[in-house]
Amino acid sequence: MTATETTETTETTETTEAVRKVAVVSGGSRGLGRVLTERLLADGWRVAAFSRTANDFTAATAEQHPDAYLWESADLGDPETMRQFVRVVGRRFGRIDLLINNAGVLHQELFLTTPPKKIDSLLTTNLLAPVILTQACARLMTRSGGGAIVNVSSINAVRGYRGVSVYTAAKAGMDGFTRSLARELGAFDIRVNSIVPGFFDSEMTADVTEKNREKIQHRTPLGRLGTVGEIADAVLFLASPQSNFVTGQSLIVDGGITC
Ligand SMILES: NC(=O)c1ccc[n+]([C@@H]2O[C@H](COP(=O)([O-])OP(=O)(O)OC[C@H]3O[C@@H](n4cnc5c(N)ncnc54)[C@H](OP(=O)(O)O)[C@@H]3O)[C@@H](O)[C@H]2O)c1
């Protein structure tokens, strides 16, 4: 092989690697995180995901995409595992181009009777751990020339709902985090946005009673709950070059229930 051929081969390999961008998806095992993982892999991304437990989806995906998919167990309740996870991603893929702070835990209970330990764990899983994960990922992004961060918030952060005040405090915190972080990271060509979903079908909303579901549908101008695919569409828009001039924003995707 001539020197020129060697150079060309190296350049081709580097170009291929550069094109295969890396996305981190928290809570990538089911619900919205699963759909995002499937779509990103189908679009040629490499995906690093975590959740507390593996399932049939994570096992099958690891088998189908041995080079492009990484799943690790990590718990938002133990924020140090976020840094460990990002170290593993760095060693395996060498870069991060997209972070989707998707994992969240909803707990419904009236505020006056919520035990302090529960308040602490809700704020840790829904706010502190995503903030720590973001810092670890953003540091890697700055080294690979930029990227995008999408925080999954909730309409609870923009309208009051009974029984979810602590969850709401965390989600509203993520929206504020989005705006201020966008100001800091713009200089590194890292965009930071939030997606603010209304109710959509997943395990998180499996317990919503038929009566409440009807109430939600009645109050929603489009007359139905969202689908997980519709929420994923909006997340992927904020991750894509189609939103290259959008940063520091919260995009509400709720069929109009908050309008
Ligand atoms: N569904 C809705 O109507 C709705 C509305 C507004 C906003 N959202 C937001 O949308 C996002 C996705 O919701 P979803 O409905 O898709 O949820 P989901 O079906 O309950 O899935 C949650 C994902 O997060 C992981 N997860 C949960 N607790 C975790 C923890 N402590 N550490 C690590 N991973 C954890 C779960 O896996 P493991 O359990 O194995 O850890 C799972 O992969 C959440 O941020 C949620 O707050 C949902």
Side-chain angles (χ1 to χ4, degrees), residues 24-39 47-59 61 71-86 99-108 118 120-134 149-159 161 164 166-175 177-178 194-209 212-213 215-217 220 224-235 238 250-255 257-258:
V24 166
V25 180
S26 73
S29 64
R30 54 187 158 83
L32 179 59
R34 170 182 171 156
V35 172
L36 289 166
T37 300
E38 288 170 331
R39 295 228 190 139
V47 175
F50 71 83
S51 50
R52 285 166 301 179
T53 48
N55 60 17
D56 288 350
F57 170 72
T58 58
T61 309
W71 178 86
E72 287 276 311
S73 172
D75 186 350
L76 296 164
D78 178 3
E80 192 45 43
T81 63
M82 300 296 108
R83 291 196 185 92
Q84 287 160 12
F85 171 73
V86 175
L99 163 65
I100 304 175
N101 266 315
N102 160 74
V105 181
L106 174 66
H107 170 78
Q108 303 204 43
K118 193 73 205 172
D120 195 80
S121 90
L122 279 170
L123 293 176
T124 299
T125 51
N126 290 309
L127 182 61
L128 178 62
V131 166
I132 287 174
L133 175 66
T134 302
I149 296 169
V150 183
N151 295 320
V152 180
S153 175
S154 162
I155 53 166
N156 291 321
V158 287
R159 287 282 182 281
Y161 289 87
V164 288
V166 182
Y167 170 79
T168 296
K171 291 296 192 185
M174 286 303 286
D175 284 340
F177 178 57
T178 293
S194 291
I195 196 86
V196 184
F199 302 89
F200 62 89
D201 276 318
S202 73
E203 276 185 37
M204 190 176 269
T205 46
D207 293 341
V208 176
T209 61
N212 280 341
R213 190 173 283 265
K215 269 195 206 161
I216 293 165
Q217 287 174 186
T220 303
R224 60 177 176 84
L225 268 68
T227 67
V228 71
E230 288 167 332
I231 308 301
D233 285 342
V235 172
L238 289 176
S250 295
L251 175 59
I252 300 179
V253 186
D254 68 348
I257 198 169
T258 57

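Since the structure is predicted, the reported quantities are computational estimates derived from the model, not experimental observations. Read the numbers this way: they start at 1 and go in the same order the structure lists the ligands and their atoms.
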Taking atom CG of Asn102 and atom CZ of Phe50, what is their separation to the nearest 0.5 Å?
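Result: 9.0 Å between the selected atoms.
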
Within this structure, what is the CG-OG1 distance for the pair Leu76 and Thr125, rounded to the nearest 0.5 Å?
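Answer for the CG-OG1 pair, Leu76 versus Thr125, is 6.0 Å.
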
Checking side chain to side chain contact (heavy atoms under 4.5 Å, CB included) against Ile195, which of Thr178, Asn101, Val253, Leu32 comes through?
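When side chain to side chain contact (heavy atoms under 4.5 Å, CB included) is applied between Ile195 and each of Thr178, Asn101, Val253, Leu32, only Val253 qualifies.
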
Are the side chain of Asn126 and the backbone N or O of Val105 linked by a donor-acceptor pair below 3.5 Å?
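Looks like yes, one N/O pair under 3.5 Å.
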
State whether the side chain of Ser73 and the backbone N or O of Arg52 hold a donor-acceptor pair below 3.5 Å, judged by distance alone.
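Yes, because the side chain of Ser73 sits within donor-acceptor range (under 3.5 Å) of the backbone of Arg52.
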
Option whose closest heavy atom lies nearest to atom 33 (C) of ligand 1, chosen from Ala103, Gly27, Ser29, Ala74:
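That would be Ala74.
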
Does ligand 1 have a heavy atom under 4.0 Å from the side chain of Asn102, from its backbone, from both, or from neither?
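The answer is both, backbone and side chain.
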
Is it the side chain (CB and beyond), the backbone, both or neither of Thr205 that lies under 4.0 Å from ligand 1, heavy atoms counted?
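For Thr205, the contact with ligand 1 is made by the side chain alone.
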
How close do Ser51 and Thr53 get, heavy atom to heavy atom, and via which atoms?
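That would be OG-O, 3.0 Å.
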
Could you identify the single nearest non-hydrogen protein atom to [atom] and state the distance to 0.1 Å?
atom: atom 21 (O) of ligand 1; result: Arg30 NH1, 3.4 Å
atom: atom 47 (O) of ligand 1; result: Tyr167 OH, 2.5 Å
atom: atom 27 (C) of ligand 1; result: Arg52 NH2, 3.5 Å
atom: atom 6 (C) of ligand 1; result: Pro197 O, 3.4 Å
atom: atom 10 (O) of ligand 1; result: Val152 CG1, 3.3 Å
atom: atom 40 (O) of ligand 1; result: Thr53 OG1, 2.7 Å
atom: atom 31 (N) of ligand 1; result: Asp75 OD1, 2.9 Å
atom: atom 32 (N) of ligand 1; result: Leu76 N, 2.9 Å

Non-hydrogen side-chain atoms of [X] and [Y] separated by less than 4.5 Å:
X: Pro197; Y: Val152; answer: yes
X: Asn151; Y: Asp175; answer: no
X: Arg213; Y: Phe199; answer: no
X: Asp254; Y: Val196; answer: no
X: Pro79; Y: Thr124; answer: yes
X: Arg39; Y: Asp233; answer: yes
X: Asn55; Y: Thr58; answer: yes
X: Met204; Y: Leu106; answer: yes

Give a yes/no on ligand 1: does [X] have at least one heavy atom closer than 4.0 angstrom to it?
X: Ser153; answer: yes
X: Ala54; answer: no
X: Leu106; answer: no
X: Arg34; answer: no

State the atoms of ligand 1, each with its element, that fall below the 4.0 Å cut-off from a heavy-atom position in [X].
X: Phe199; value: 3 (O)
X: Val105; value: 28 (N)
X: Phe50; value: 33 (C)
X: Gly104; value: 44 (C), 45 (O)
X: Gly198; value: 3 (O), 5 (C), 6 (C)

Ligand 1 N/O within reach of [X] N/O, cut-off under 3.5 Å:
X: Ser154; value: no
X: Phe200; value: yes
X: Ile155; value: no
X: Ser202; value: yes
X: Leu32; value: yes

Pair Asp75-Thr81, side-chain donor/acceptor within less than 3.5 Å:
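Result is no, nothing qualifies.
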
